[in-house]
Amino acid sequence: MKNQYNNFPDKVMASVALLEKIKQQGDLVRKLKAEKAPKEKLDEEIAKLKALKLELGDEGGGGGAPHTPQGGKLILKTAKGVRDYQPQQMAVREKVFDMIISTFKRHGAETIDTPVFELKDVLTGKYGEDSKLIYDLANQGGEILALRYDLTVPFARYCAMNKISNIKRYHIAKVYRRDNPSIARGRLREFYQCDFDIAGQYDAMMPDAECVKIVQEILSGMNVGKFVVKVNHRMILDGIFEVCGVKADMFRTICSSVDKLDKSTWEEVRKEMIDEKGLDGESADKIGEFVRMNGGEELIEELLKSKLADSKTAKQGLEDMRLLLRYCDIYGCTDVVSFDLSLARGLDYYTGVIYEAVLCGDAKDANGEDITVGSVAGGGRYDGLVGMFDPKKRSVPCVGVSIGIERLFSIMEANMNKHDVKIRTVDTQVFVITAQKNLVEE
């Protein structure tokens, strides 16, 4: 009996700490209710409160399984960062997917499918600092596996395995990321991507401009408000780093810092470059002069006359960008395109043009507050990715775009809630009703 009570004081202290956590969580739930927070956020915090109370019951000697109270009732909830979809939501999603697929097919694409998990080595080293977000799977018999992070790397592996050198393909499927989720903003750990990619040799910038056109067509057809497609070029970024005195082996890590400018201020990004990445302040300030520029063809002409033109890499990138903007004009999408030097996209496999679509902040929820979801589409050119998998290092030029469909759905759901839109969830059915007996049998 003595051993049973040796750690009694420790149990008491643990229970006291747990009670304090329950009190703090309860205060948070009451605050969210008073502020009329989104239902998803409120449900998430209530589930946390219930889990803490269950934990207290277990420590009090209940001896039940995790999340199972003494009464034996299981609290049902989805895992963090995933969600269920109601029939009304699925009806909207099906219509949107149909519209996206018809757009992809109109541009001559065919579809493929790839496994939801890949060999870990296939995914390693392709995503830069975002590699930490890959979901690793437990060893299931000798192969080290991971859930796919995106659809682009599996597509490159598919092309290398099947010796494909020319294809227009679309792929709509779920991907997985250990990100910090926000359901209200469409940031999930399990979500759909809608990818369109062009592999093969074509006239310079033609496929790249077609991807921009596809983004314009899809976003214009979804009624999510005004948007802009930001475009830039990895060679221009590398040229900026070169003329600003950044060492070549630091280009990618500094690029990942620049990529945070859509979420952080320049002062915060500059601090990261200097304190965490080891860049000198003078070089960081020079980079800052460039990455705050945006415009159109006039900016390209201005940069070609600046010190940036001293870099052959940057000069080639600027010439490509000028050609891209001309093709966008021919495609009739120049009005939504902006040449933005702050756009970096942190994934390591991009080699040329990069682009990202963002909403312009016109979308509002039922309370009149802005709905911020970040980028809703992105992509770029990745000419070296297929060669990483090919045994003979055979290179296949590729460019593609991915539509961030979950973030767009979060906007559409908010709009439907605001306007109280009724959604039909079943196909029309016709019933014949009779007052006479046995007419159905007749």
Side-chain angles (χ1 to χ4, degrees), residues 79-82 111-181 187-200 234 237-238 248-257 259 277 344-352 354 378-402 404:
K80 186 177 181 181
V82 300
T111 191
I112 66 167
D113 196 13
T114 59
V116 73
F117 52 82
E118 296 274 354
L119 294 173
K120 179 68 182 294
D121 288 345
V122 169
L123 306 181
T124 301
K126 313 300 189 302
Y127 303 108
E129 294 183 2
D130 282 350
S131 292
K132 63 181 181 290
L133 302 181
I134 294 174
Y135 268 108
D136 294 330
L137 298 178
N139 191 325
Q140 297 291 339
E143 291 186 328
I144 308 302
L145 306 172
L147 294 178
R148 61 189 175 201
Y149 175 91
D150 67 4
L151 301 177
T152 305
V153 171
F155 171 60
R157 189 264 309 150
Y158 168 87
C159 288
M161 277 185 60
N162 294 281
K163 296 181 173 55
I164 293 172
S165 58
N166 193 291
I167 187 175
K168 272 188 180 183
R169 88 86 169 86
Y170 73 88
H171 190 185
I172 297 178
K174 288 182 176 180
V175 298
Y176 301 85
R177 298 182 186 179
R178 291 193 302 115
D179 207 346
N180 188 26
R187 185 190 296 276
L188 304 171
R189 289 180 168 178
E190 177 194 59
F191 57 96
Y192 274 98
Q193 281 192 336
C194 304
D195 279 25
F196 175 94
D197 292 81
I198 302 173
R234 270 292 174 86
L237 284 169
D238 288 350
D249 60 358
M250 291 181 66
F251 281 8
R252 293 285 76 85
T253 186
I254 296 301
C255 188
S256 70
S257 294
D259 187 44
K277 306 293 179 68
R345 295 198 62 79
L347 303 182
D348 280 359
Y349 52 67
Y350 289 125
T351 58
I354 50 178
R381 178 162 287 279
Y382 51 100
D383 288 347
L385 192 54
V386 175
M388 290 184 183
F389 300 117
D390 191 272
K392 298 181 180 179
K393 302 300 178 185
R394 177 181 56 95
S395 180
V396 178
C398 296
V399 65
V401 65
S402 179

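Positions are given from 1, in the same order as the sequence printed here.
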Would you say the side-chain atoms of [X] pair up with the backbone N or O of [Y], donor to acceptor, closer than 3.5 Å?
X    : Y    : result
R148 : T114 : yes
R178 : K132 : yes
S256 : T253 : yes
K120 : D136 : no
S395 : D383 : yes
D197 : R169 : no
R394 : V386 : no

Taking all heavy atoms of [X] and all of [Y], pick out the closest pair and write down the distance.
X    : Y    : answer
Q193 : L151 : OE1-N, 3.5 Å
G81  : P181 : CA-CB, 3.6 Å
H171 : D113 : NE2-OD1, 3.0 Å
Y149 : L123 : N-CD1, 4.4 Å
G200 : V396 : N-CG1, 4.0 Å
K277 : S257 : NZ-OG, 2.8 Å

Tell me, with the steps shown, if K126 and T152 meet side chain to side chain donor-acceptor pair (under 3.5 Å). CA-CA 10 Å; K126 313 300 189 302; T152 305; over 6 Å; no

Roughly how far, to the nearest 0.5 Å, is the [atom2] atom of [Y] from the [atom1] atom of [X]?
X    : Y    : atom1 : atom2 : value
D195 : F155 : CG    : CZ    : 9.5 Å
I144 : T124 : CD1   : OG1   : 10.5 Å
D259 : I354 : CG    : CD1   : 8.0 Å
R234 : D348 : CZ    : CG    : 7.0 Å
N139 : L145 : CG    : CG    : 8.0 Å
K163 : D390 : NZ    : CG    : 7.0 Å

Trace of the side-chain contact (heavy atoms from CB on, under 4.5 Å) decision for V175 with F191: CA-CA 6 Å; V175 298; F191 57 96; 3.4 Å; yes

Verify side-chain contact (heavy atoms from CB on, under 4.5 Å) between Y350 and L237, making sure each step is shown before the conclusion. CA-CA 12 Å; Y350 289 125; L237 284 169; over 6 Å; no

Could you give me the CA-CA distance, side-chain angles and deciding distance for Y127 and D150, then say whether side-chain contact (heavy atoms from CB on, under 4.5 Å) is met? CA-CA 10 Å; Y127 303 108; D150 67 4; 2.7 Å; yes

Are any of the side-chain heavy atoms of R381 and I198 separated by less than 4.5 Å?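 Contact flag for R381/I198 side chains = no.
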
Can you check side-chain contact (heavy atoms from CB on, under 4.5 Å) on E118 and V153, steps first, answer last? CA-CA 10 Å; E118 296 274 354; V153 171; over 6 Å; no

Can you confirm whether more than 12 heavy atoms, excluding those of F117, are under 6.0 Å from its CZ atom?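 Counting other residues, nucleotides and ligands, CZ of F117 stays at 12 neighbours or fewer.
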
For Y135, the option from R189, R177, E190 that meets side chain to side chain contact (heavy atoms under 4.5 Å, CB included):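 Exactly one candidate clears the test, R189.
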
